Amino acid sequence: MPELPEVEVTRRSIDEPLRGAQVLEVRLGKVLRWPLGVPAQRLQGRVVGPVQRRGKYLWLPLLGADGQADGGLLLHLGMSGSLALRQDAPPPGPHDHFDLLTTRGLLRLTDPRRFGAAVWSAALDRDPAARLLSTLGHEPFDPLLTDAVFHAALKRRRAAVKLVLLAGDVVVGAGNIYACEALHRAGIHPRRRADRIGPARAAALLAAVRDTLARAMEVGGSTLRDFRDAHGMSGAFQAETRVYGREDQDCPRCGGIVRRIVQAQRSTYYCAGCQT
DNA sequence: CGGGACGCCTGTGAGC
DNA sequence: TGCTCACAGGCGTCCC
């Protein structure tokens, strides 16, 4: 599925080509997670500004004819979504639910499972965008997220560390796959209470989250290109997981057995040998 | 208020 | 081979 690296790769791929593009038409398919929230016609004539990313959300600012900021679109790819910017404009397929036709091409959101979203907001810091982004934690590569800040945040949480990572209110971007992989890299058991992780191990975990995301960012392009199967793991990424999806296989680090457990109704993979 | 369950949705693949 | 059905999961929402 699109994780933070894929979303960032998407952002980079559409930012430059779309900047300054004028909206010709907005076509809506089936409703995604929420309705757009504004009549599609109202977006006509707006000009796209620099595309931003916050967590796994993309923000397409729109400028009015006078060049002043005039709202924008908050996009999310959910589980199965993908964005494509194309120069042709074939009729939308059954899974194409949002078309932004512009002078620089067609931005099309395809999302079979419709966990994604395309929502209009008056500004990034106004509702509904503000409300949706308000629960997000630090960006993983935010320099303000120091080892000490991360450790202090974990100290405040009694839940299992895997769930704290998944919740995204301490640091965003560690989805199920990356949370499992980062915990393995850091040698931390996914069920360990977050507040029982010491400063050194917290620092190791933060580094592991960053390393994992950075590595995925490197191969994110290919993950995107290959994004086809239901689990979104057909890319280079799948080949690199050390525990995720590898139940009963040998741990590449210690030779222990990779286990699968369920936490909050989600699969967690970890090595029973070297994660404590 | 923290923590966890639930539900949205459909392609996939295991099992019969 | 064709069908059924559990499973995958981001994340807002709801309930305890």
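Sequence lines set the chain letters: A, B, ... in the order given, protein chains first and strands last, and positions in each chain run from 1. Computed from a predicted model, the values in this text were never measured in an experiment. For the numbers below, each heavy atom of this structure counts, side chains included, while hydrogens, waters and symmetry mates do not.
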> Measure CG/A:Leu165 against C1'/B:dG4 and give the value in whole Å, please.
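In whole Å, B:dG4 C1' lies 16 Å from A:Leu165 CG.
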> Specify the separation, in whole Å, of atom CG of A:Leu163 and atom P of B:dG4.
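The answer, rounded to whole Å, is 6 Å.
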> Nearest whole Å is fine: how far is C:dC7 P from A:Arg113 CZ?
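Distance check: A:Arg113 CZ to C:dC7 P gives 15 Å.
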> Over how many whole Å does the gap from A:Leu75 atom CG to C:dG10 atom C1' extend?
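After rounding, the reported distance stands at 16 Å.
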> Which whole-number value in Å describes the distance from A:Asp111 CG to B:dC8 C1'?
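These atoms are roughly 11 Å apart.
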> Nearest to the side chain of A:Phe115, heavy atoms from C-beta on, is which of B:dG11, B:dA5, B:dC9?
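Shortest atom-to-atom distance from the side chain points to B:dC9.
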> Quick one: closest heavy-atom pair of A:Arg185 and A:Ala208, and the distance?
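Heavy atoms of A:Arg185 and A:Ala208 come nearest at CB-CB, 3.8 Å.
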> So, is A:Gln265 near the phosphate of B:dC6, with a side-chain N or O under 4.0 Å from OP1 or OP2?
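Yes.
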> Is the shortest side-chain heavy-atom distance between A:Leu183 and A:Gln275 below 4.5 Å?
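Yes. Closest side-chain heavy atoms under 4.5 Å.
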> Are A:His189 and A:Tyr270 close enough that their ring centers fall under 6.0 Å?
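Ring centroids of A:His189 and A:Tyr270 are less than 6.0 Å from each other.
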> Could you tell me, to 10°, how much the axis swings from one end of the helix from B:dG2-C:dC16 to B:dC16-C:dG2 to the other, five pairs per end?
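Here the helix ends are tilted 50° relative to one another.
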> As a test of understanding, state which of A:Asp99, A:Leu83, A:Leu85 forms a side chain to side chain contact (heavy atoms under 4.5 Å, CB included) with A:Arg108.
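With A:Arg108 as partner, A:Asp99, A:Leu83, A:Leu85 yield a single side chain to side chain contact (heavy atoms under 4.5 Å, CB included), made by A:Asp99.
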> Can you tell me if the side-chain N/O atoms of A:Arg114 get under 4.0 Å from OP1 or OP2 in B:dC8?
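For A:Arg114, the contact criterion (side-chain N or O under 4.0 Å from OP1 or OP2 of B:dC8) is not met.
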> Tell me which residues in residues 121-129 of chain A put a heavy atom below 4.0 Å from DNA chain C, sorted by number, or none.
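Residues of residues 121-129 of chain A that come under 4.0 Å of DNA chain C do not exist, since none gets that close.
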> Do A:Arg104 and A:Gln87 make a side-chain contact, defined as non-hydrogen atoms from C-beta onward lying under 4.5 Å apart?
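Result no, sub-4.5 Å side-chain heavy-atom pair not found.
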> When you look at A:Glu218 and A:Arg215, which way does the salt bridge (Lys or Arg N to Asp or Glu O under 4.0 Å) test go after all the steps?
CA-CA 5 Å; A:Glu218 286 177 25; A:Arg215 175 59 192 156; 2.6 Å; yes
> What is the distance, rounded to the nearest whole Å, between atom NZ of A:Lys162 and atom C1' of B:dG3?
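Distance check: A:Lys162 NZ to B:dG3 C1' gives 15 Å.
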> Start with the C-alpha distance between A:Asp195 and A:Arg156, add both sets of side-chain angles, then the distance that settles salt bridge (Lys or Arg N to Asp or Glu O under 4.0 Å), and finish with yes or no.
CA-CA 6 Å; A:Asp195 61 354; A:Arg156 281 182 237 115; over 6 Å; no
> Suppose we screen for side chain to side chain contact (heavy atoms under 4.5 Å, CB included). Which residues come up paired with A:Gln263, at least two apart in sequence or across chains?
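A:Ala160, A:Lys162, A:Leu163, A:Pro190, A:Arg191, A:Ile261, A:Thr268.
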> So A:Leu43 and A:Leu73, do their side chains get closer than 4.5 Å, heavy atoms only?
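Yes, close enough: below the 4.5 Å cut-off.
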> Please write out each protein N/O paired with an N/O of nucleotides 12-14 of chain C under 3.5 Å, distance rounded to 0.1 Å.
{"from": "C:dG12", "atom 1": "OP1", "to": "A:Tyr57", "atom 2": "OH", "distance (Å)": "2.4"}
{"from": "C:dG12", "atom 1": "O4'", "to": "A:Arg33", "atom 2": "NH1", "distance (Å)": "3.3"}

> Which pairs with one or both residues in residues 132-145 of chain A pass side-chain hydrogen bond (donor to acceptor under 3.5 Å, both in side chains), sequence neighbours excluded?
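The answer is A:Arg53-A:Glu139, A:Arg54-A:Glu139.
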> Below 3.5 Å between N/O atoms, which protein atoms pair up with nucleotides 3-6 of chain C? Just atom names and distances, please.
none

> Specify the closest pair of heavy atoms between A:Gly256 and A:Cys271, including all atoms of both residues, with the distance to one decimal.
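Looking at all heavy atoms of both residues, the shortest contact is CA-SG, 4.1 Å.
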> Please determine whether a side-chain nitrogen or oxygen atom of A:Arg158 lies at a distance below 4.0 Å from atom OP1 or OP2 of B:dG4.
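No.
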> Rounded to whole Å, please give me the gap between CG in A:Leu58 and C1' in C:dG10.
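The answer, rounded to whole Å, is 15 Å.
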> Look at the side-chain N and O atoms of A:Ser267 and state whether any lies under 4.0 Å from the OP1 or OP2 oxygen of C:dA8.
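It does, given that an N or O in the side chain of A:Ser267 lies less than 4.0 Å from OP1 or OP2 of C:dA8.
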> At their closest point, which heavy atom of A:Val243 faces which heavy atom of A:Glu181, and how far apart are they?
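Heavy-atom minimum between the residues: N-OE2, 3.1 Å.
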> Atom OH of A:Tyr178 and atom C1' of C:dG10: how far apart are they, to the nearest Å?
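It works out to 14 Å between those atoms.
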> Answer yes or no on whether A:Arg42 is positioned over the face of A:Trp120, meaning its NZ or CZ is under 6.0 Å from the six-membered ring centre and within 45° of the axis.
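Flagged: A:Arg42 positioned over aromatic ring of A:Trp120.
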> Using side-chain heavy atoms (C-beta onward) and a distance below 4.5 Å, is A:Val26 in contact with A:Leu101?
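Side chain of A:Val26 against side chain of A:Leu101, heavy atoms only: no contact under 4.5 Å found.
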